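Below is one structure, written out as structure tokens, with a few remarks after it.
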Amino acid sequence: MMKDTLRKDFEELAEKKIDSTQVFDGVLLKVYRDNVTLPDGNPSVREVIHLYGAVGIIPITKDGKVVIERQFRYPVNDITIEIPAGKLDGPDEDPLAAAKRELLEETGITAKKWIPMGLYHPSPAYTDEKIILYMAKDLEFGNQKLDEGEFLNVDFLSLKDLVDMVMDGKIIDGKTQLAILKAAYLEKGSTCQID
């Protein structure tokens, strides 16, 4: 029943691409201007940012602490609290391999256990970016291997404290909010009690 409803919705709501022109080719972003036909037959324009995708990791220690990062984010001119994350090196890179690489580079951590937590589209109105989320456990600690020009501080907070920070608006990064809430749900009854 749900499949039929989604298919009907798609047929009624889908926009059809007429043509596409690349208008910007940056280091990180590729921006396209697409001419489309709307469901009512009228023309419109969509500006789309194409990205290879990214991964986000919520590492949890044996004593239930979450490894988080603090870093300056230029677009919001502030320090943000985030989970370790990074972009895929190309469209064919294995997301789990990218997650392992990013966790090691940013925190010096390797993990023996990886739990997939799903796919997240942060801004589907204007980008095809997808972020694949993982929980990492059975952690082993080593040295950071930060990329040139990358600066961040690593900290350890309880999952409960992080949930409170999400709910209080102290964590503004979307992927981090989602990963924390998903991890709290998955860990309910072990490291975090949500009443």
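In this text, all values refer to a predicted model and were calculated from it rather than measured experimentally. Numbers for residues simply follow the sequence, beginning at 1.
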Sequence-distant partners of [X], salt bridge (Lys or Arg N to Asp or Glu O under 4.0 Å), two or more places apart:
X: Asp89; value: Arg101
X: Lys175; value: Glu82, Asp173
X: Lys16; value: none
X: Asp138; value: none

How far apart are the closest heavy atoms of [X] and [Y], and which atoms are they?
X: Ile180; Y: Leu159; value: O-CD1, 3.9 Å
X: Pro39; Y: Ala14; value: CG-O, 3.7 Å
X: Pro95; Y: Val55; value: O-CG1, 3.3 Å
X: Ala184; Y: Val163; value: CB-CG2, 3.6 Å
X: Leu88; Y: Ala98; value: CD2-CB, 3.5 Å
X: Gly169; Y: Ile172; value: O-CG2, 3.9 Å

**OP:** Taking only Lys NZ, Arg NE, NH1 and NH2, and the carboxylate oxygens of Asp or Glu, determine whether Glu187 and Lys137 approach each other closer than 4.0 Å.
**Re:**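 Yes.
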Subject >> salt_bridge(Arg73, Asp78) N-O dist < 4.0 Å >> reply: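 Salt bridge: no.
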For residues [X] and [Y], determine if any side-chain heavy atom of one lies less than 4.5 Å from a side-chain heavy atom of the other.
X: Leu186; Y: Met135; answer: yes
X: Glu140; Y: Ile109; answer: no
X: Glu106; Y: Pro84; answer: yes
X: Leu103; Y: Pro59; answer: yes
X: Leu133; Y: Ile58; answer: no
X: Leu152; Y: Glu150; answer: yes
X: Met165; Y: Leu157; answer: yes
X: Gln144; Y: Val154; answer: yes

At what distance, to the nearest 0.5 angstrom, does [atom1] of [X] lie from [atom2] of [Y]?
X: Lys8; Y: Leu13; atom1: NZ; atom2: CG; result: 10.0 Å
X: Lys65; Y: Leu139; atom1: NZ; atom2: CG; result: 14.0 Å
X: Ile81; Y: Ile68; atom1: CD1; atom2: CD1; result: 5.5 Å
X: Ile18; Y: Thr37; atom1: CD1; atom2: OG1; result: 3.5 Å
X: Ile83; Y: Thr107; atom1: CD1; atom2: OG1; result: 12.0 Å

With the 4.5 Å side-chain cut-off for hydrophobic clustering, are [X] and [Y] part of the same group?
X: Leu181; Y: Ile57; value: no
X: Ile171; Y: Ile131; value: yes
X: Tyr52; Y: Leu119; value: yes
X: Val166; Y: Tyr185; value: yes

Original post:
Is it the case that more than 12 heavy atoms not belonging to Phe156 sit under 6.0 Å from its CZ atom?
Top reply: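 Buried by this count: over 12 neighbours within 6.0 Å.
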**OP:** Determine, stepwise, if the pair Lys130 / Asp128 fulfils side chain to side chain contact (heavy atoms under 4.5 Å, CB included).
**Re:** CA-CA 6 Å; Lys130 62 182 177 183; Asp128 62 357; over 6 Å; no
Those residues that, when tested against [X], pass side chain to side chain contact (heavy atoms under 4.5 Å, CB included) (two or more places apart):
X: Leu104; answer: Thr110, Lys145
X: Thr127; answer: Ile49, Leu51, Ser123, Glu129
X: Leu96; answer: Asp94, Lys100, Trp114, Tyr134
X: Asp40; answer: Leu38, Asn42

Taking distance alone, no hydrogens or angles, what donor-acceptor pairs closer than 3.5 Å link side-chain atoms of residues 26-36 to residues at least two apart or in another chain?
residue: Lys30; atom: NZ; partner: Asp25; partner atom: OD1; Å: 2.7
residue: Asp34; atom: OD1; partner: Ser20; partner atom: OG; Å: 2.5
residue: Asn35; atom: ND2; partner: Asp19; partner atom: OD1; Å: 2.7

Original post:
Checking Lys182 side chain against Met117 main chain: does a donor-acceptor pair fall under 3.5 Å?
Top reply: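 Looks like yes, one N/O pair under 3.5 Å.
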Subject >> For Glu11, all residues meeting side chain to side chain donor-acceptor pair (under 3.5 Å), sequence neighbours excluded >> reply: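 Glu11 satisfies side chain to side chain donor-acceptor pair (under 3.5 Å) with Arg7 once adjacent residues are dropped.
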**OP:** For Glu15, check side chain to side chain donor-acceptor pair (under 3.5 Å) against everything at least two apart and list the hits.
**Re:**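 Once residues adjacent in sequence are excluded, the partners of Glu15 under the side chain to side chain donor-acceptor pair (under 3.5 Å) criterion are Arg46.
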Original post:
Which ILVMFWY residues can you reach from Phe72 by hopping between side chains whose heavy atoms are under 4.5 Å apart?
Top reply: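 Traced through the cluster, Phe72 reaches Tyr74, Ile79.
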